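One structure is given here, and the rest of the page talks about it.
Counting begins at 1 with the first residue of the sequence. Not measured: the values here are computed from a predicted model.
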Amino acid sequence: MRFTRLSLTLPVAAAGLLISGLQADPARSAGASAASHTSSTTQAVSWTSVRNCTVTGSSLEKTSGTDNAEDAGAVSAQEVTSGPVAVQFRVAEISKFRFLGLSSSSTWTGATGMDYSWRLQSGSGEVYENNRWRHTGPIVGGDLLRIAVDANVVRYYRNGSLVYTSTRAPAYPLRVHASIIDMHGTVKDATLTTSVTAPTVTYGWVPPAQTVGGGASTWTVPAGYVHQTAWAAGGGPDVRGIYAYPTSGWRSMVWRWADTMRSNSIQSVTGPGGKPAYRVELTQDDDASPGTAGNSPRAEFFSVDPAEKRRQRTAPAEAVLRDGDEYWATFALYIPADFPVNHRWATLFQRKFQDTASVPSWFTLNVHRATLDVSVPGNTPDRFIPVADLAQVTGRWVQFTVHEKLSSGTSGMAELFVNGERKPIVTGQPTVPAGDINFHFQYGYYRSNDPANGQSEGPGTGVVHFTPMLIARGAAPEAVPALP
């Protein structure tokens with residue numbers, strides 16, 4: 001994925017939940033290996049040259065000027081200079097008169113300046129090119145309208161179905177343009193999709209030895225390994241870590257602790273498709289780790305050890321986050337087709353908090369029965385947003401990218417991308433509480449073994465394969481590596 005900031009002319013970060021096109025490379029082995037991928041990335045449109053409109057995220061609404069006059073609109077800050085590109089937006093109201101499309105001009109000139117556009121009014125969605133009619137069809141609230149440029153051909157789509165193919169070849173560069181005629185007309189959730197080459201991922205990096213401990217005592221874990229509790233077996237052996245070399249601002253998260261009951265709960269293996277991966281398993285017979293409430297076993301990596309989690313020792317700076325930090329984390333999961341669909345709850349990723357803090361909900365990727373969802377950070381009580389039906393993400397590698405700005409004020413935000421498609425989670429509100437609090441990552445499989453509502457049995461045995469997790473700190477990495 002690629003990201004653009006206002007005046008820059010790079011393709012931008014995915015701003016909607018699936019990062020499409022990040023497929024496994026069948027030639028790559030489980031050893032030290034490398035691959036690069038071309039993928040599509042979707043980003044929210046950033047608006048500039050705004051006139052008589054109110055901007056909310058990537059949405060526009062005409063709130064001033066003259067009703068029934070073409071005196072409101074905006075131009076995208078992003079500019080695409082070559083290659084495939086698509087703009088998409090959601091229809092809210094169907095009666096208001098407005099245009100949205102692509103133009104080779106960087107200056108707003110209304111509908112006449114749009115080389116390719118949708119014209120909306122009175123329940124009709126029409127294709128116009130430089131303000132000349134090409135096609136007419138119906139629209140309803142909630143429709144997704146798209147203009148896509150690929151292989152020098154421009155096509156128009158309604159809810160994924162092709163409605164018109166232009167006879168005019170595009171001229172680059174291209175920007176998104178909007179023109180709104182009726183007062184309170186809107187352009188909702190505008191996104192821009194482009195193609196980029198993802199950074200190369202090379203496995204085989206070995207982080208240095210680590211000193212960790214659960215209390216006052218500490219010990220050294222060999223380079224490249226993670227201490228494992230294996231509580232039921234009396235401890236150990238350490239888990240051999242799987243790490244990728246740093247690339248384009250991304251680094252492998254180095255895990256400091258593996259909380260498991262069995263010594264084979266987490267294994268470093270050659271995963272599906274020949275990819276290096278962690279095989280993570282929980283069974284109905286697994287007990288909860290000491291200190292874990294309820295009938296809730298876990299097989300998770302922690303970015304901090306228990307003493308650091310309790311703030312009894314200082315954690316490495318790269319292992320924790322603080323109020324005001326912003327990060328991107330990306331990883332891929334292979335959830336088998338026979339994964340249980342009767343989880344009361346399970347988590348697969350957590351951005352959590354130190355043990356001494358009492359905080360509202362935190363950012364997690366979850367399974368509830370047959371639904372994959374995310375928790376909204378900063379909410380009390382917990383609020384979950386569905387991402388996909390579990391069946392849609394099983395039996396194949398799926399890449400997840402998390403972007404979050406931790407804030408105890410109004411600048412907090414969180415979003416998730418699944419195979420490049422973005423789903424906004426929260427923006428403009430607190431995601432963490434104020435105070436001297438450390439936040440960390442937990443990565444693996446953690447669940448309730450109790451039956452889900454309406455079920456007579458617990459989830460049984462579940463297995464998930466995890467890639468290494470890569471992290472980039474700051475507002476916008478140049479591109480997101482393709483995993484696995």
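The two atoms that bring Thr247 and Pro481 nearest to each other are CG2-CG, 4.3 Å, heavy atoms only. Between Pro433 and Ile437, the shortest heavy-atom contact is CG-CD1, 3.7 Å. Residues Pro468 and Pro276 approach most closely at CD-O, 4.4 Å, considering heavy atoms. The heavy-atom pair separating Val480 from Ala198 by the smallest distance is O-CB, 3.4 Å. Nearest heavy-atom pair across Leu406 and Thr431 is CA-OG1, 3.4 Å. Across all non-hydrogen atoms, the minimal contact from Arg155 to Asp150 is NH1-O, 4.0 Å.
How far CD1 of Ile242 is from OG1 of Thr467: 9.0 Å, rounded to the nearest 0.5 Å. Here the straight-line distance linking atom CD of Glu70 with atom CG of Asp182 works out to 11.0 Å at 0.5 Å rounding. Distance check: Met114 CE to Leu102 CG gives 9.5 Å after rounding to the nearest 0.5 Å. Atom CG of Leu372 sits about 8.0 Å away from atom CG of Leu416, to the nearest 0.5 Å. For the atom pair Leu483 CG and Met469 CE, the distance stands at 11.0 Å (nearest 0.5 Å). Rounded to the nearest 0.5 Å, atoms OG1 (Thr371) and CD1 (Ile385) are 13.5 Å apart.
Heavy atoms of other residues, nucleotides or ligands lying less than 6.0 angstrom from CZ of Arg251 number 12 at most. When the shell of 6.0 Å around CZ of Arg158 is examined, it contains more than 12 heavy atoms from other residues, nucleotides or ligands. The number of heavy-atom neighbours closer than 6.0 Å to CD of Glu457, taken from other residues, nucleotides and ligands shown, is 12 or below.
Judged by distance alone, the side chain of Asp67 and the main-chain N or O of Met183 form a donor-acceptor pair under 3.5 Å. The main-chain N or O of Thr186 is found under 3.5 Å from a side-chain atom of Arg98 such that the two form a donor-acceptor pair. Proximity of a side-chain donor or acceptor of Trp118 to a complementary backbone N or O of Leu145 within less than 3.5 Å is not detected. Under a 3.5 Å cut-off, the side chain of Ser117 and the backbone N or O of Tyr128 do form a donor-acceptor pair. Listed for the Ser58 side chain is no donor-acceptor partner under 3.5 Å among the backbone atoms of Ala44. Using a distance-only test at 3.5 Å, with no hydrogens or angles considered, no donor-acceptor pair links the side chain of Asp373 to the main chain of Phe384. No donor-acceptor pair closer than 3.5 Å links the side chain of Asn449 to the backbone N or O of Pro297. A donor-acceptor pair under 3.5 Å is formed between the side chain of His177 and the backbone N or O of Ser105. Here the side chain of Ser179 pairs no donor or acceptor atom with the backbone of Gly110 at under 3.5 angstrom. Checking side-chain atoms of Arg175 against main-chain N and O of Ser76 turns up a donor-acceptor pair under 3.5 Å.
With contacts defined as side-chain heavy-atom distances shorter than 4.5 Å, the pair Thr107/Ser49 does not qualify. Under the 4.5 Å side-chain criterion, counting only non-hydrogen atoms from C-beta, Glu93 is not in contact with His184. Contact of the Val464 side chain with the Phe466 side chain is registered, since non-hydrogen atoms from C-beta on lie closer than 4.5 Å. The side-chain heavy atoms of Asn379 and Pro360, taken from C-beta on, include no pair separated by under 4.5 Å.
Annotation: cation-pi pair Arg168/Tyr116 present, NZ/CZ under 6.0 Å from the ring centroid and within 45° of its normal.
With sequence neighbours excluded, the residues satisfying ring-ring contact (aromatic ring centres under 6.0 Å, His included) with Phe353 are Trp362. For Ser252, the side-chain contact (heavy atoms from CB on, under 4.5 Å) partners two or more places apart in sequence, or in a different chain, are Trp205, Tyr243, Ala244, Leu470.
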Next on the checklist: Please determine whether side chain to side chain contact (heavy atoms under 4.5 Å, CB included) holds for the pair Leu321 and His440, giving the CA-CA distance in whole Å, both sets of side-chain angles, and the decisive distance to 0.1 Å.
Outcome noted: CA-CA 6 Å; Leu321 299 162; His440 66 275; over 6 Å; no

Item to check | Step-by-step side chain to side chain contact (heavy atoms under 4.5 Å, CB included) determination, His465 to Val463 | outcome: CA-CA 7 Å; His465 285 84; Val463 175; 4.2 Å; yes

Item to check | Steps toward side chain to side chain contact (heavy atoms under 4.5 Å, CB included) verdict (Ile139, Leu120) | outcome: CA-CA 8 Å; Ile139 56 170; Leu120 275 59; 3.7 Å; yes

Checklist entry - Step by step, would you call Arg146 with Leu144 a side chain to side chain contact (heavy atoms under 4.5 Å, CB included)? => result CA-CA 7 Å; Arg146 184 177 183 90; Leu144 294 176; over 6 Å; no

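Side-chain contact, Gln350 with Thr364: no donor N or O sits under 3.5 Å from an acceptor N or O. Of the N and O atoms on the side chains of Gln399 and Thr330, at least one donor lies less than 3.5 Å from an acceptor on the other residue. Under the 3.5 Å distance criterion, with hydrogens and angles disregarded, a donor-acceptor pair is assigned to the side chains of Glu129 and Tyr156. Judged by distance alone, the side chains of Ser296 and Ser448 never bring a donor and an acceptor atom under 3.5 Å apart. Looking only at atom types and distance, the side chain of Ser408 has a donor-acceptor partner in the side chain of Asp323 under 3.5 Å away. A donor-acceptor contact closer than 3.5 angstrom is absent between the side chains of Asn453 and Arg344. Between Thr347 and Asn366, the side chains place no donor N or O within less than 3.5 Å of an acceptor N or O (distance only, hydrogens not considered). Checking Asn52 against Ser64 by side-chain atom types alone, a donor-acceptor pair falls below 3.5 Å. Judged by distance alone, the side chains of Gln121 and Ser95 never bring a donor and an acceptor atom under 3.5 Å apart. Glu61 and Thr54 form no side-chain donor-acceptor contact under 3.5 Å, judged by distance and modelled atom types alone.
Note: His403 and Trp328 meet the aromatic proximity criterion, with ring centroids under 6.0 Å apart. Less than 6.0 angstrom separates the ring centroid of Phe301 from the ring centroid of Tyr278. Between Phe97 and Phe99, a ring centre-to-centre spacing shorter than 6.0 Å is recorded. Side-chain rings of Tyr446 and Trp345 approach one another, their centers coming within less than 6.0 Å. The aromatic ring centroids of Tyr443 and Trp255 lie less than 6.0 Å from each other.
For the ring pair (Phe, Tyr, Trp, His ring centres under 6.0 Å) with Phe441, the qualifying choice from Tyr327, Phe363, Phe302 is Tyr327, the only one to do so.
Using a cutoff of 4.0 Å between basic side-chain nitrogens and carboxylate oxygens, Arg351 and Glu404 are scored as salt-bridged. Salt bridge Arg119/Glu126: present, at least one basic N to carboxylate O contact under 4.0 Å. In summary, Arg447 and Glu300 do not engage in a salt bridge, as defined by a charged side-chain N under 4.0 Å from a carboxylate O. Using a cutoff of 4.0 Å between basic side-chain nitrogens and carboxylate oxygens, Lys405 and Asp325 are not scored as salt-bridged.
Classification of the Phe400-Phe331 ring pair by plane angle, with boundaries at 30° and 60°, yields parallel.
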